[in-house]
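Keep in mind that what you see is a predicted model, and the values were worked out from it rather than measured.
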Amino acid sequence: MQTSALPDLAHTAAKPMHWLATAAAMAGVVALAGLLQPRTATATASEQRTTTQHGAPVPAPDPAGVDFPLQCGGAGTTVAKQAPGDLDGDGRPETVAVVHCAAGSGTPPGGIYVLTQASGAAPRVVATLVDPADKKAVSDFAVRDGVVSATLLGYSSLEVPRCCPDQEEQASWRWKGQAFVRSSGELARSV
(Lines give C-alpha, C1' and ligand atoms only; values in the text may rest on other atoms or scores of the structure.)
Protein backbone atom coordinates (compact mmCIF):
# COMPACT_ATOMS: atom_id res chain seq x y z
CA MET A 1 0.00 0.00 0.00
CA GLN A 2 1.30 3.37 -0.98
CA THR A 3 1.05 6.22 1.48
CA SER A 4 -0.40 9.53 0.41
CA ALA A 5 1.88 12.45 -0.25
CA LEU A 6 -0.82 14.75 1.12
CA PRO A 7 -1.04 15.62 4.81
CA ASP A 8 -3.80 14.03 6.87
CA LEU A 9 -7.05 15.96 6.71
CA ALA A 10 -8.67 17.06 9.97
CA HIS A 11 -11.85 15.07 9.37
CA THR A 12 -10.01 11.80 8.97
CA ALA A 13 -8.86 11.82 12.55
CA ALA A 14 -11.74 13.34 14.50
CA LYS A 15 -11.02 14.05 18.13
CA PRO A 16 -13.62 14.15 20.95
CA MET A 17 -13.68 17.95 20.74
CA HIS A 18 -14.90 17.74 17.13
CA TRP A 19 -17.76 15.44 18.17
CA LEU A 20 -18.74 17.77 21.03
CA ALA A 21 -18.78 20.77 18.69
CA THR A 22 -20.96 18.87 16.19
CA ALA A 23 -23.36 17.76 18.94
CA ALA A 24 -23.62 21.33 20.27
CA ALA A 25 -24.35 22.68 16.79
CA MET A 26 -27.07 20.04 16.22
CA ALA A 27 -28.63 20.82 19.61
CA GLY A 28 -28.74 24.50 18.64
CA VAL A 29 -30.48 23.70 15.33
CA VAL A 30 -33.08 21.52 17.08
CA ALA A 31 -33.73 24.19 19.73
CA LEU A 32 -34.13 26.90 17.07
CA ALA A 33 -36.54 24.70 15.10
CA GLY A 34 -38.60 24.27 18.27
CA LEU A 35 -38.89 28.03 18.67
CA LEU A 36 -39.95 28.63 15.05
CA GLN A 37 -43.38 27.02 15.20
CA PRO A 38 -46.39 28.15 13.13
CA ARG A 39 -48.96 30.38 14.79
CA THR A 40 -51.83 28.73 16.60
CA ALA A 41 -54.79 28.14 14.31
CA THR A 42 -58.08 29.82 15.10
CA ALA A 43 -61.49 28.56 14.09
CA THR A 44 -63.74 30.52 11.77
CA ALA A 45 -67.36 31.05 12.69
CA SER A 46 -68.42 28.04 10.60
CA GLU A 47 -65.89 25.81 12.37
CA GLN A 48 -66.92 26.71 15.90
CA ARG A 49 -68.73 23.96 17.74
CA THR A 50 -71.45 24.09 20.31
CA THR A 51 -70.47 23.12 23.81
CA THR A 52 -71.97 20.87 26.43
CA GLN A 53 -73.41 22.32 29.62
CA HIS A 54 -69.96 21.85 31.17
CA GLY A 55 -68.29 23.95 28.45
CA ALA A 56 -66.65 21.06 26.58
CA PRO A 57 -67.13 20.90 22.80
CA VAL A 58 -69.85 18.54 21.58
CA PRO A 59 -68.03 15.50 20.19
CA ALA A 60 -68.68 14.29 16.66
CA PRO A 61 -70.52 10.94 16.45
CA ASP A 62 -68.25 7.89 16.72
CA PRO A 63 -68.87 5.41 13.87
CA ALA A 64 -67.54 2.47 15.92
CA GLY A 65 -70.93 1.28 17.17
CA VAL A 66 -73.04 2.17 14.12
CA ASP A 67 -74.81 -0.55 12.15
CA PHE A 68 -74.15 0.51 8.55
CA PRO A 69 -76.56 -0.60 5.81
CA LEU A 70 -74.07 -2.90 4.06
CA GLN A 71 -74.62 -6.51 3.03
CA CYS A 72 -71.28 -8.16 3.82
CA GLY A 73 -72.33 -11.77 4.21
CA GLY A 74 -70.90 -12.09 7.72
CA ALA A 75 -67.54 -10.55 6.78
CA GLY A 76 -68.12 -7.45 8.89
CA THR A 77 -67.52 -3.83 7.99
CA THR A 78 -64.46 -1.60 8.01
CA VAL A 79 -64.58 2.14 8.64
CA ALA A 80 -61.78 3.09 6.24
CA LYS A 81 -61.92 6.85 6.78
CA GLN A 82 -63.88 9.31 8.87
CA ALA A 83 -64.02 13.08 9.27
CA PRO A 84 -66.10 15.41 11.44
CA GLY A 85 -67.75 18.60 10.25
CA ASP A 86 -70.84 20.74 10.78
CA LEU A 87 -72.53 19.96 7.48
CA ASP A 88 -75.96 21.48 8.13
CA GLY A 89 -74.86 24.63 9.96
CA ASP A 90 -76.63 23.81 13.25
CA GLY A 91 -73.43 24.12 15.30
CA ARG A 92 -73.28 20.38 16.08
CA PRO A 93 -70.72 18.25 14.25
CA GLU A 94 -71.70 15.32 12.08
CA THR A 95 -69.31 12.53 11.12
CA VAL A 96 -68.85 11.39 7.55
CA ALA A 97 -67.59 7.81 7.28
CA VAL A 98 -66.25 5.81 4.34
CA VAL A 99 -67.21 2.19 5.03
CA HIS A 100 -66.74 -1.06 3.09
CA CYS A 101 -67.02 -4.78 3.72
CA ALA A 102 -63.96 -6.28 5.39
CA ALA A 103 -62.55 -7.96 2.29
CA GLY A 104 -59.24 -9.78 2.38
CA SER A 105 -58.11 -8.47 -1.01
CA GLY A 106 -59.18 -6.46 -4.01
CA THR A 107 -60.95 -3.13 -3.96
CA PRO A 108 -64.31 -3.64 -2.25
CA PRO A 109 -67.02 -1.12 -3.09
CA GLY A 110 -67.56 1.43 -0.39
CA GLY A 111 -70.25 3.67 0.91
CA ILE A 112 -70.11 7.20 2.26
CA TYR A 113 -72.46 7.75 5.20
CA VAL A 114 -73.34 10.82 7.25
CA LEU A 115 -73.82 10.20 10.98
CA THR A 116 -75.50 12.39 13.53
CA GLN A 117 -76.11 12.01 17.23
CA ALA A 118 -78.76 13.65 19.37
CA SER A 119 -77.94 14.38 23.00
CA GLY A 120 -77.86 11.14 24.95
CA ALA A 121 -78.69 8.97 21.90
CA ALA A 122 -76.56 6.55 19.92
CA PRO A 123 -75.02 7.72 16.63
CA ARG A 124 -77.09 6.86 13.56
CA VAL A 125 -76.87 7.05 9.77
CA VAL A 126 -78.94 9.95 8.42
CA ALA A 127 -77.75 10.00 4.80
CA THR A 128 -76.04 7.77 2.28
CA LEU A 129 -73.93 9.81 -0.12
CA VAL A 130 -72.47 6.83 -2.00
CA ASP A 131 -74.28 3.50 -1.97
CA PRO A 132 -72.04 0.39 -2.15
CA ALA A 133 -74.52 -0.99 -4.72
CA ASP A 134 -73.04 1.59 -7.13
CA LYS A 135 -69.81 -0.48 -7.00
CA LYS A 136 -67.51 2.49 -6.41
CA ALA A 137 -64.38 2.58 -4.30
CA VAL A 138 -63.70 5.81 -2.41
CA SER A 139 -60.35 7.61 -2.22
CA ASP A 140 -59.11 11.14 -1.49
CA PHE A 141 -61.91 11.78 0.98
CA ALA A 142 -62.25 15.09 2.87
CA VAL A 143 -64.72 17.29 4.79
CA ARG A 144 -64.03 21.03 4.60
CA ASP A 145 -66.23 24.08 5.16
CA GLY A 146 -69.43 22.02 5.12
CA VAL A 147 -68.54 20.21 1.88
CA VAL A 148 -67.83 16.48 1.59
CA SER A 149 -65.54 15.64 -1.33
CA ALA A 150 -64.22 12.35 -2.61
CA THR A 151 -62.68 10.64 -5.58
CA LEU A 152 -64.81 7.70 -6.71
CA LEU A 153 -63.12 4.84 -8.52
CA GLY A 154 -65.07 2.49 -10.76
CA TYR A 155 -64.88 0.04 -13.63
CA SER A 156 -65.56 0.55 -17.33
CA SER A 157 -66.66 -3.06 -17.89
CA LEU A 158 -67.02 -6.46 -16.24
CA GLU A 159 -63.75 -7.55 -17.87
CA VAL A 160 -61.72 -5.14 -15.70
CA PRO A 161 -60.28 -7.00 -12.67
CA ARG A 162 -61.93 -5.99 -9.40
CA CYS A 163 -58.52 -5.15 -7.96
CA CYS A 164 -57.83 -2.38 -10.41
CA PRO A 165 -60.46 0.33 -11.01
CA ASP A 166 -59.97 2.04 -14.37
CA GLN A 167 -62.29 5.06 -14.00
CA GLU A 168 -62.13 8.05 -11.69
CA GLU A 169 -64.75 10.66 -10.83
CA GLN A 170 -64.56 13.71 -8.55
CA ALA A 171 -67.70 14.28 -6.46
CA SER A 172 -68.78 16.64 -3.70
CA TRP A 173 -71.88 17.06 -1.56
CA ARG A 174 -73.28 20.08 0.26
CA TRP A 175 -76.34 20.33 2.51
CA LYS A 176 -79.03 22.48 0.85
CA GLY A 177 -82.38 22.89 2.59
CA GLN A 178 -83.42 19.37 3.52
CA ALA A 179 -80.98 17.17 1.57
CA PHE A 180 -77.42 16.73 0.38
CA VAL A 181 -76.93 17.94 -3.18
CA ARG A 182 -74.21 16.27 -5.24
CA SER A 183 -72.05 18.00 -7.75
CA SER A 184 -69.54 15.98 -9.66
CA GLY A 185 -66.80 16.31 -12.16
CA GLU A 186 -66.95 14.34 -15.30
CA LEU A 187 -66.26 10.65 -15.29
CA ALA A 188 -62.65 11.28 -15.81
CA ARG A 189 -59.65 9.58 -17.18
CA SER A 190 -58.63 6.03 -16.92
CA VAL A 191 -56.57 5.44 -13.83
Side-chain angles (χ1 to χ4, degrees), residues 37-52 56-70 72 76-103 105-118 122-156 160 162-191:
Q37 295 295 318
R39 292 182 304 168
T40 303
T42 57
T44 63
S46 65
E47 294 170 325
Q48 293 176 349
R49 304 205 189 317
T50 57
T51 57
T52 63
V58 173
D62 182 6
V66 175
D67 187 24
F68 292 97
L70 277 136
C72 296
T77 59
T78 298
V79 176
K81 300 172 185 174
Q82 64 181 356
D86 182 7
L87 302 176
D88 58 5
D90 68 352
R92 296 182 63 88
E94 287 79 32
T95 296
V96 183
V98 176
V99 184
H100 60 77
C101 291
S105 62
T107 308
I112 300 179
Y113 302 99
V114 178
L115 309 175
T116 190
Q117 183 173 11
R124 62 186 177 90
V125 174
V126 292
T128 300
L129 304 180
V130 173
D131 190 332
D134 295 337
K135 297 186 180 356
K136 301 283 185 183
V138 181
S139 69
D140 297 332
F141 163 77
V143 176
R144 287 187 201 96
D145 299 324
V147 176
V148 179
S149 60
T151 301
L152 305 177
L153 305 175
Y155 305 93
S156 59
V160 176
R162 297 297 104 176
C163 68
C164 311
D166 66 340
Q167 292 186 325
E168 180 179 291
E169 177 184 5
Q170 302 299 319
S172 61
W173 297 263
R174 179 181 290 278
W175 180 258
K176 297 229 179 176
Q178 299 296 317
F180 285 97
V181 175
R182 178 180 171 172
S183 59
S184 60
E186 301 191 18
L187 188 57
R189 57 198 163 166
S190 293
V191 197

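- Looking at heavy atoms from C-beta onward, Pro165 lies out of side-chain contact with Val160 at the 4.5 angstrom threshold.
- Between atom OG of residue Ser183 and atom CH2 of residue Trp173 there is a gap of 8.5 Å, rounded to the nearest 0.5 Å.
- Taking the side chain as every heavy atom from C-beta outward, Val79 and Val98 never approach each other to under 4.5 Å.
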Derivation and outcome, side chain to side chain contact (heavy atoms under 4.5 Å, CB included), residues Ile112 and Asp131:
CA-CA 7 Å; Ile112 300 179; Asp131 190 332; over 6 Å; no

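- Listed by chain and residue number, Tyr113 satisfy the ring pair (Phe, Tyr, Trp, His ring centres under 6.0 Å) test with Phe68 (two or more places apart in sequence, or in another chain).
- Rounding to the nearest 0.5 Å places CG of Leu129 at 11.0 Å from OG of Ser149.
- The backbone N or O of Lys136 lies less than 3.5 Å from no partner atom in the side chain of Asp134, so there is not a single donor-acceptor pair.
- The minimum heavy-atom distance between Arg174 and Asp145, with the atom names listed, is NH1-O, 3.7 Å.
- Between Arg124 and Glu94 there is no salt bridge, since none of the side-chain N atoms of the basic residue sits less than 4.0 Å from a carboxylate O of the acidic one.
- For Gly85 against Val143, the heavy-atom pair with the smallest separation is CA-CG1, 4.1 Å.
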With side chain to side chain contact (heavy atoms under 4.5 Å, CB included) as the test, would you mind laying out the steps for Asp88 and Asp86 before giving the verdict?
CA-CA 6 Å; Asp88 58 5; Asp86 182 7; 3.1 Å; yes

Thr78 vs His100, side chain to side chain contact (heavy atoms under 4.5 Å, CB included): CA-CA, chis, key distance, verdict
CA-CA 5 Å; Thr78 298; His100 60 77; 3.8 Å; yes

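- Gln167 and Ser156 form no side-chain donor-acceptor contact under 3.5 Å, judged by distance and modelled atom types alone.
- Taking all atoms of both residues into account, the shortest heavy-atom contact from Asp140 to Lys81 is N-NZ, 3.6 Å.
- When all heavy atoms of Leu152 and Ala171 are compared, the closest pair comes out as CD1-CB, 4.0 Å.
- Nearest approach of Thr151 to Gln170, heavy atoms of both residues: OG1-OE1, 3.0 Å.
- In terms of heavy atoms, Pro63 sits closest to Ala97 at CB-CB, 4.4 Å.
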For the pair Val114 and Val125, evaluate side chain to side chain contact (heavy atoms under 4.5 Å, CB included) and give the outcome as yes or no after the intermediate values.
CA-CA 6 Å; Val114 178; Val125 174; over 6 Å; no

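- Between the Arg92 side chain and the Gln117 main chain, a donor and an acceptor come within less than 3.5 Å of each other.
- For the pair Val96 and Leu87, the minimum side-chain heavy-atom distance is below 4.5 Å.
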